[in-house]
Amino acid sequence: MTEQKSISARGWALMFLLGAIWGASFLCNRIALTEVGVLTIVGFRTVLAAVALWLWIGWRGVPVSINGRIVLGFVAMGVLNSALPFSLIVWGQQHIPSGLAAILNASTAVFTVPLAALVFADEHLTWRKAMGVGIGFVGVATAIGLQNLTQLDLTSLGQLACIGATLCYATAAALGRILLRGVRPEVSAAGMMTAAALVMVPAAIWSEGVPTFAYHPATWAAIAYVGIAASAVASLLYYVLLTMMGAGNISLVTLLVAPVAIVLGAVTFGEALPLTAFIGFALLATGLVILNSKPRRHRSGTNDGGR
């Protein structure tokens with residue numbers, strides 16, 4: 001197991017930037033939904049992201065080496081890390097506020113940790129991690145309001161769709177470690193988005209028809225944002241942060257996404273969340289902080305400067 005890295009001032013600044021980029025994507029989804037269907041939004045998003053990422057790879061001269069295992073990884077990650085979760089989140093946002101969708105999305109690490117412990121021998125579920133996961137699950141349950149799930153209306157289904165998206169992300173995290181090991185992050189992101197686009201474009205045309213392209217400028221701006229900024233640019237920024245601060249800290253960015261989405265949803269669409277959503281987010285944040293905290297070590301002659 002590698003030692004968890006500390007977060008520098010530059011790392012915090014970039015993490016706040018990434019949180020803001022992803023937080024605004026929930027607002028843009030909501031804007032695009034006024035004119036565009038769910039699958040068409042995701043189709044546009046994945047195509048724009050794939051094109052932008054391959055252009056970046058070509059401009060930077062990033063070496064690309066592909067074999068059967070890597071292609072399989074692109075397809076699996078394209079479906080599980082992009083096509084399916086993007087679709088579930090956008091569909092869910094038709095029925096629940098943007099801020100609540102972002103809160104539920106923040107639970108990804110809560111599902112990833114126990115799944116990784118089951119799959120990988122070096123990912124042990126320590127008591128500290130188990131406590132963080134447990135508190136996180138309580139936070140998710142509080143934010144959802146378990147009593148709401150008994151009604152099985154569109155609101156509860158929208159929440160379940162967002163939870164389903166986090167399960168996709170958690171599964172993809174495990175698969176990506178197996179299928180895309182040794183692949184440059186930029187190539188992984190581009191291949192994943194390409195595979196997702198090859199799935200989503202035919203699905204969108206079959207289900208929702210050929211896009212009219214006669215959308216308002218605000219709709220086009222929202223679509224461009226989720227495709228280029230929230231997918232392509234965010235993917236590159238994510239991997240910069242992953243290298244800079246390590247996997248142990250990176251999931252903390254999800255705690256910065258939800259407040260941005262909540263504020264933007266309230267200001268733009270007048271969305272209001274119940275008190276239970278904020279209590280649930282506080283519990284979820286506590287769980288994630290515990291998951292990302294460094295275990296105490298006995299003093300030694302070295303100091304790695306970690307937090």
Side-chain angles (χ1 to χ4, degrees), residues 14-15 17-19 21-22 24-25 28-29 32 39-90 105 108 112 165 168-205 211 220-247 250-251 253-254 257:
L14 291 177
M15 192 157 65
L17 175 61
L18 181 58
I21 291 172
W22 274 339
S25 70
C28 290
N29 284 338
L39 300 185
T40 302
I41 291 173
V42 180
F44 276 126
R45 177 175 185 173
T46 53
V47 168
L48 289 172
V51 170
L53 286 165
W54 284 120
L55 288 174
W56 170 267
I57 288 170
W59 178 57
R60 299 287 293 180
V62 177
V64 178
S65 178
I66 297 176
N67 56 37
R69 171 182 63 84
I70 293 173
V71 171
L72 178 61
F74 287 163
V75 173
M77 293 291 285
V79 172
L80 284 173
N81 204 57
S82 297
L84 190 52
F86 289 173
S87 300
L88 288 171
I89 290 172
V90 177
N105 183 69
T108 298
T112 302
C168 290
Y169 288 136
T171 305
L175 277 179
R177 179 175 169 182
I178 296 170
L179 296 176
L180 294 179
R181 65 182 182 277
V183 182
R184 288 282 296 259
E186 307 95 318
V187 177
S188 294
M192 174 182 68
M193 288 296 177
T194 301
L198 291 174
V199 171
M200 292 309 306
V201 170
I205 293 174
W220 277 119
I223 290 172
Y225 183 91
V226 296
I228 297 174
S231 297
V233 174
S235 293
L236 297 174
L237 182 55
Y238 175 87
Y239 288 116
V240 169
L241 283 167
L242 188 62
T243 301
M244 183 183 300
M245 66 180 58
I250 196 66
S251 64
V253 73
T254 59
V257 173

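All values reported here derive from a predicted model rather than from experimental measurement. For the single chain, residues carry numbers from 1 onward in sequence order.
For the atom pair CD1 (I223) and CD1 (I228), the distance works out to 11.0 Å, reported to the nearest 0.5 Å. Note that OH of Y225 is 10.5 Å distant from CG of N29, once rounded to the nearest 0.5 Å. The distance from the CG atom of N105 to the CH2 atom of W22 is 9.0 Å, given to the nearest 0.5 Å. If you take CE on M15 and OH on Y238, they are separated by 11.5 Å, rounding to the nearest 0.5 Å. Put simply, OG on S235 and CE on M193 are 4.5 Å apart, with the number rounded to the nearest 0.5 Å. Separating the CG atom in L39 from the CZ atom in F86 is a distance of 13.5 Å, to the nearest 0.5 Å.
Looking only at distances, no side-chain donor or acceptor of R60 sits under 3.5 Å from a matching main-chain atom of I57.
With sequence neighbours left out, W56 forms a ring-ring contact (aromatic ring centres under 6.0 Å, His included) with W59.
Between L236 and E186, some side-chain heavy-atom pair lies under the 4.5 Å cut-off. Using a 4.5 Å heavy-atom threshold, the side chains of M200 and R45 count as separate. When side chains are defined from C-beta on, W54 counts as touching T194, because their heavy atoms get closer than 4.5 Å. Within the 4.5 Å cutoff, the side chain of L17 has heavy atoms near those of the I21 side chain. Contact of the I205 side chain with the V201 side chain is registered, since non-hydrogen atoms from C-beta on lie closer than 4.5 Å. T46 places none of its side-chain heavy atoms less than 4.5 Å from the side chain of S231.
When all heavy atoms of A232 and L53 are compared, the pair lying nearest together is O-CD2, 3.8 Å. The minimum heavy-atom distance linking A224 with L48 is given by the pair CA-CD1, 4.0 Å. Residues S188 and V183 share a closest heavy-atom pair of OG-CG1, 3.4 Å. Nearest heavy atoms, G78 versus A196: O-CB, 3.4 Å. Among all heavy-atom pairs drawn from M192 and N81, the shortest one is SD-ND2, 3.3 Å. For the pair L84 and C168, the tightest heavy-atom approach, listed with the atom from each and the gap, is CD2-SG, 3.5 Å.
Residue pairs satisfying the salt bridge (charged side-chain N to carboxylate O under 4.0 Å, His left out) criterion with at least one member in residues 232-244, sequence neighbours excluded, are absent.
Each of L72, I70, V71 was checked for a side-chain contact (heavy atoms from CB on, under 4.5 Å) with L179, and the lone residue meeting it is L72.
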### Task
Using the side-chain contact (heavy atoms from CB on, under 4.5 Å) rule, take F74 and V187 through it: C-alpha gap first, then chi angles, then the decisive distance, then the call.
CA-CA 9 Å; F74 287 163; V187 177; 3.9 Å; yes

